Undergrad: 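One structure follows; several queries about it will come next.
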2 protein chains.
Amino acid sequence: MRVTIRDVAQRAGVSVSTASRALSGARPVGTELTTRVTAAARALGYRQNRLASALRTQRTGTVGMVVPQISNPFFPALVEAIERSLSGSGRQLLLCDAQRDPAVEAVRLQALADRQVDGLIVAPVSAVASADALAAVAAEVPVVQVDRYVTDADLDWVGVDDAAGLRLIAGHLADVGARTVVLVSAGSESSTGRSRLAGFGPAAARHRLTTAEPLLGEYGIDWGVRAADLLRARGPLPDAIVGGNDEIALGVVRGLRAAGVRVPDDVLVTGFDDAGFAALADPALTTVRQPHALIADECVRLLDLARAGGEQAPRRIALAPTLVVRASTTRS
Amino acid sequence: MRVTIRDVAQRAGVSVSTASRALSGARPVGTELTTRVTAAARALGYRQNRLASALRTQRTGTVGMVVPQISNPFFPALVEAIERSLSGSGRQLLLCDAQRDPAVEAVRLQALADRQVDGLIVAPVSAVASADALAAVAAEVPVVQVDRYVTDADLDWVGVDDAAGLRLIAGHLADVGARTVVLVSAGSESSTGRSRLAGFGPAAARHRLTTAEPLLGEYGIDWGVRAADLLRARGPLPDAIVGGNDEIALGVVRGLRAAGVRVPDDVLVTGFDDAGFAALADPALTTVRQPHALIADECVRLLDLARAGGEQAPRRIALAPTLVVRASTTRS
DNA sequence: CCCGGCTGGGCAAACGTTTGCCGATCAGTA
DNA sequence: TACTGATCGGCAAACGTTTGCCCAGCCGGG
């Protein structure tokens with residue numbers, strides 16, 4: 001049988017309420033009693049039953065998170081950052097995987113809400129198919145979207161400033177002498193695909209880069225490989241290929257290589273996200289690093305704000321990324 | 001105010017206990033009442049408060065997991081598998097990151113125990129420094145170790161059969177004509193380092209491979225790079241280099257490349273784990289794939305067993321890996 | 001007609017906390 | 001001395017469930 005606050009109170013010779021107050025500091029308790037209670041607690045090895053506490057206070061000290069797929073290397077980094085950001089205030093992360101399926105995602109969201117999490121951080125699987133479940137759960141508990149967002153829902157969002165990232169890339173490519181660039185990215189099912197596409201044109205124009213028609217598929221290495229072929233079939237290659245994320249970029253590199261095109265000697269390639277393997281790939285990938293820690297902090301801050309402040313206009317926070325130059329755009 | 005079982009009972013015109021029994025099926029309830037209760041629950045959109053339920057039943061339907069570092073690409077795959085395995089029985093995973101620090105790990109373990117998780121799945125940070133905290137928490141809740149284990153604690157463990165993995169690698173290397181091999185792995189702080197070292201010699205001998213003195217450092221790409229240099233300094237390279245995990249192997253490839261040694265043309269390299277980037281690397285890495293799903297299922301099974309069966313001798317379950325042959329050992 | 005057993009509904013007590021309220025004690029002031 | 005207010009301990013009621021126990025009703029057997 002675990003030791004309860006009742007045992008502590010008994011050993012300290014005080015009432016349960018006094019013990020509770022002495023331990024939690026909810027109200028001042030005489031110094032002598034306080035020491036007696038804390039001594040008793042230590043002696044007995046008392047540790048609070050968070051469940052009972054949560055039932056009473058309506059606060060679990062737990063934040064739920066749902067990611068589309070944890071094995072997608074972008075998310076572990078984010079999870080880690082959020083876990084760290086939360087642990088600063090003694091909270092825990094309850095993590096779920098949506099298995100890339102909006103139906104699974106809906107179940108997970110409900111399960112987390114049933115567990116009375118204090119807040120929910122969600123990277124929605126789909127910009128449209130995830131909307132209903134997200135809206136439903138947002139009615140019960142503060143929700144912050146991260147990385148991706150659903151359309152038609154007035155929910156907070158925190159992510160990277162895609163336009164800024166593309167400006168960084170365009171600037172860098174211009175610096176190393178590229179004149180013509182083409183974007184290979186994901187289509188508009190995901191919000192990031194949409195905004196990276198939107199940001200590309202202006203960024204290129206700003207640095208006087210000539211662009212060709214973008215190739216839009218899906219985030220994934222396979223699409224990158226295929227896009228490389230399509231690109232070669234289209235005629236002479238551009239000076240640089242801008243990948244919508246690191247996986248696409250890596251696929252492009254692989255596809256070009258298979259055809260005897262060398263990176264970076266014949267064509268430059270850039271990624272987006274700075275997922276773990278971007279540095280490990282060969283050639284190491286020039287990319288744009290998402291500010292994980294900042295994103296995480298911002299998510300947590302918005303959750304706290306939502307709890308404190310009640311209803312407000314949804315906030316959309318786009319944080320500035322940084323450029324990471326590696327071998328894939330460095331001519332030796 | 002959320003709708004409680006009380007509201008459901010009221011609307012159905014029955015007592016709270018009947019409502020509870022009708023919904024949970026804990027005891028048979030007349031068919032008419034059952035339908036009335038379920039109809040009321042649906043109409044009101046009732047969803048059980050898991051906290052209250054857990055407080056009463058002493059079962060949270062939540063399993064805690066602590067990993068050394070979620071951004072280490074091996075763990076997301078494991079987390080995903082375990083999450084999936086648990087969701088089959090309607091349970092949730094409460095994930096924590098130990099930030100590679102036994103002290104943080106201890107805090108996380110306690111925090112999970114305080115939240116009354118039904119079980120704990122832990123990949124200990126350190127074979128020795130993690131032992132005390134793990135033993136302490138194991139006194140309160142069933143614990144299963146995964147991947148790594150601590151010495152001097154009688155706790156269940158589930159992981160991969162390192163010896164079998166090395167036999168697969170040795171056999172494959174012998175098949176492709178290698179005669180001399182050397183192991184580059186991690187030292188004995190981690191249990192896997194120890195057992196992979198132990199398995200290497202016999203596996204090589206079985207396939208009549210000549211071995212040289214192993215190089216032992218730590219899991220990580222940097223050590224691989226350094227080891228490649230050490231190896232070259234030592235004299236003529238072996239036919240094949242066996243990495244203790246994929247990161248080391250990739251580091252070795254990089255180190256060799258930098259010195260103008262080609263993989264696989266000049267020397268073969270293998271990894272271990274089949275982390276996500278192993279397939280993405282260039283050359284794609286021949287490696288041994290951990291059976292994530294099996295490991296996950298086994299962890300969950302052991303936890304359930306521990307809850308049901310009470311105290312028993314600790315079980316150590318080593319599951320057979322499979323060989324994945326890729327470019328790093330394929331001479332064209 | 002009586003009795004025993006079974007079915008199924010409801011009361012109320014838990015689970016381990018927190019907290020509103022009451023009242024006791026004590027110091028300070030008139 | 002009496003009164004006021006502040007300080008602080010304790011009682012007991014919550015939080016939302018589940019479940020042990022009791023009891024009513026009913027059926028079948030003797």
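Here is the naming used below: chain letters follow the sequence lines, and residue numbers restart at 1 for every chain. Below, each value reflects all heavy atoms present in this structure, side chains not excepted, and no hydrogens, waters or symmetry copies. Owing to the predicted nature of the structure, the values given are computational and were not obtained by experimental measurement.
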Undergrad: What contact category does B:L33 fall into here, base, sugar-phosphate, or nothing, at under 4.0 angstrom with non-hydrogen atoms?
TA: sugar-phosphate
Undergrad: Return the minimal non-hydrogen interatomic distance between B:D118 and B:G61, and the atom names on each side.
TA: OD2-N, 2.7 Å
Undergrad: Could you check A:D101 against A:V125 for side-chain contact (heavy atoms from CB on, under 4.5 Å), going step by step and ending with a plain yes or no?
TA: CA-CA 7 Å; A:D101 179 349; A:V125 168; over 6 Å; no
Undergrad: Send over the distance from A:R36 CZ to D:dG9 C1', rounded to a whole Å.
TA: 11 Å
Undergrad: For A:L55 and D:dA13, give me the distance from atom CG to atom P, rounded to whole Å.
TA: 17 Å
Undergrad: The side chain of B:Y46 is closest to which nucleotide in this list: D:dG16, C:dT18, D:dT17?
TA: D:dT17
Undergrad: Given B:D114, which of A:Q92, A:R47, A:R50, A:Q48 fulfils the side-chain hydrogen bond (donor to acceptor under 3.5 Å, both in side chains) condition?
TA: A:R47
Undergrad: Give a yes/no answer on whether the side chain of A:S15 brings an N or O atom under 4.0 Å of OP1 or OP2 in D:dG10.
TA: yes
Undergrad: With a 4.0 Å limit, can you tell me whether A:Q48 has a side-chain N or O closer than that to the phosphate oxygens OP1/OP2 of C:dT18?
TA: yes
Undergrad: Among D:dT17, C:dT17, D:dG16, find the nucleotide with the atom closest to the side chain of A:Q58.
TA: D:dG16
Undergrad: Using whole Å, what does the distance between atom C1' of nucleotide D:dG16 and atom CZ of B:R59 come to?
TA: 19 Å
Undergrad: Can you tell me if CD on B:Q10 sees more than 12 non-hydrogen neighbours from other groups inside 6.0 Å?
TA: no
Undergrad: Using a 6.0 Å cut-off, check whether atom CZ of B:R316 has over 12 heavy atoms from anything other than its own residue.
TA: yes
Undergrad: Do nucleotides 19-25 of chain C as a string where each nucleotide becomes B, S or -: B if the base has a protein heavy atom under 4.0 Å, S if just the sugar-phosphate does, - if no protein is that close.
TA: BBB----
Undergrad: Rounded to the nearest Å, what distance is computed from the CG atom of residue A:L51 to the P atom of nucleotide C:dT18?
TA: 13 Å
Undergrad: Rounded to whole Å, how long is the line connecting atom CD of A:Q10 with atom C1' of C:dG16?
TA: 15 Å
Undergrad: Do B:T62 and A:R115 have side-chain atoms, one donor and one acceptor, less than 3.5 Å apart?
TA: yes
Undergrad: Check the distance between D:dG16's C1' and B:R47's CZ and give it to me in whole angstrom.
TA: 15 Å
Undergrad: May I have the distance from B:R6 (atom CZ) to C:dC11 (atom C1'), rounded to whole angstrom?
TA: 12 Å
Undergrad: Give the rounded distance in Å between these two atoms: CZ of B:R2 and P of D:dT17.
TA: 8 Å
Undergrad: Of all the heavy-atom pairs spanning A:V3 and A:D7, show the shortest one and how long it is.
TA: CA-OD2, 3.3 Å
